[in-house]
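Working notes, beginning with the structure itself.
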Amino acid sequence: QVQLVESGGGLVQAGGSLRLSCAVSGTIFSINAMAWYRQAPGKQRELVAALPSDGNSNYADSVKGRFTISRDNAKKTLYLHMNSLKSEDTAVYYCNADVRLTPSIRTTNYWGQGTQVTVSS
């Protein structure tokens, strides 16, 4: 079955950097849009960065200039490069993807299980 598995989370000092990875496994036809979300305790899940099928990435205002979303199609992996981390970046980060299971325009949406990012000040 299709799975999205995040990795790369951990503890980092403020001002440091971290790279998250999201590997897509299973039998798929193609990956359409991909995105990273995050959810801090007591807060709603929010979109951090998105990479639509047209390749034009977009970011939440709070992370612009610090985070970069990218993907490696050959490895079927999504990345989030996080620089100049702040304490307010502390959250569980979730990978999300719209996947084509067959040659059609229909996609199926999947979520990863999340990876914890903790930024100490």
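Any value given below was found using the heavy atoms of this structure, including those in side chains, with hydrogens, waters and symmetry copies removed.
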Is it the case that one hydrophobic cluster holds both Leu101 and Leu4, taking links as side-chain heavy atoms less than 4.5 Å apart, direct or via other members? yes
Using side-chain heavy atoms (C-beta onward) and a distance below 4.5 Å, is Val12 in contact with Met82? no
Interatomic distance, OG1@Thr68 vs CG@Leu51, rounded to 0.5 Å, equals 11.5 Å
Heavy-atom closest pair (Ser30 atom, Val99 atom, distance to 0.1 Å) is O-CG1, 3.5 Å
What do you reckon, is CD of Gln113 surrounded by more than 12 foreign heavy atoms closer than 6.0 Å? yes
Is it possible for you to say whether Tyr79 and Tyr93 belong to one hydrophobic cluster, with membership spreading through side-chain heavy-atom contacts below 4.5 Å? no
Mind checking ring pair (Phe, Tyr, Trp, His ring centres under 6.0 Å) for Tyr37 and listing every partner two or more places apart, or none if nothing turns up? Trp111
Judged by atom type as modelled, is there a donor-acceptor pair below 3.5 Å linking the side chain of Glu6 to the main-chain atoms of Cys22? no
Taking all non-hydrogen atoms of both residues into account, name the closest pair between Ala33 and Pro52 and its distance. CB-CA, 4.0 Å
Any donor-acceptor pair under 3.5 Å linking the side chain of Asn96 with the backbone of Tyr110? yes
To the nearest 0.5 Å, how far apart are CG in Leu85 and OG in Ser121? 12.5 Å
What I want to check is whether the side chains of Thr77 and Asp72 have a donor and an acceptor closer together than 3.5 Å. no
Donor-acceptor under 3.5 Å (Thr90 side chain, Val119 main chain): yes
Say you draw a straight line from OH of Tyr94 to OG1 of Thr115; how long is it, rounded to the nearest 0.5 Å? 10.0 Å
Would you compute the distance between atom OG1 of Thr108 and atom CG of Asp98 and round it to the nearest 0.5 angstrom? 8.5 Å
What heavy-atom pair brings Asn32 and Ser53 nearest, and what distance separates the two atoms? OD1-CB, 2.6 Å
Contact summary for Gly9 and Leu20, nearest pair of heavy atoms: N-CD2, 3.6 Å
List the atom of Pro103, the atom of Phe29, and the distance in Å for their closest heavy-atom pair. CG-CE1, 3.5 Å
Donor-acceptor check, side chain of Tyr59 to backbone of Ile69, threshold 3.5 angstrom: yes or no? yes
Nearest 0.5 Å, please: how far is OG in Ser21 from NZ in Lys75? 9.0 Å
Excluding sequence neighbours, so at least two apart, what forms side-chain contact (heavy atoms from CB on, under 4.5 Å) with Arg66? Val63, Ser84, Lys86, Asp89
Applying salt bridge (Lys or Arg N to Asp or Glu O under 4.0 Å), name anything that partners Asp54, two or more places apart in sequence or on another chain. none
Check whether any side-chain heavy atom of Ser17 lies under 4.5 Å from a side-chain heavy atom of His81, and answer yes or no. no
Val117 side chain reached by Arg38 side chain, heavy atoms, under 4.5 Å: no
Value rounded to 0.5 Å, distance of CG in Asn58 from NZ in Lys64: 8.0 Å
Between Leu78 and Ala35, the two heavy atoms sitting closest are CD2-O, 3.7 Å
Are Met34 and Val24 close enough, and set up right, to give a side-chain contact (heavy atoms from CB on, under 4.5 Å), and what steps lead you there? CA-CA 11 Å; Met34 300 189 77; Val24 180; 4.0 Å; yes
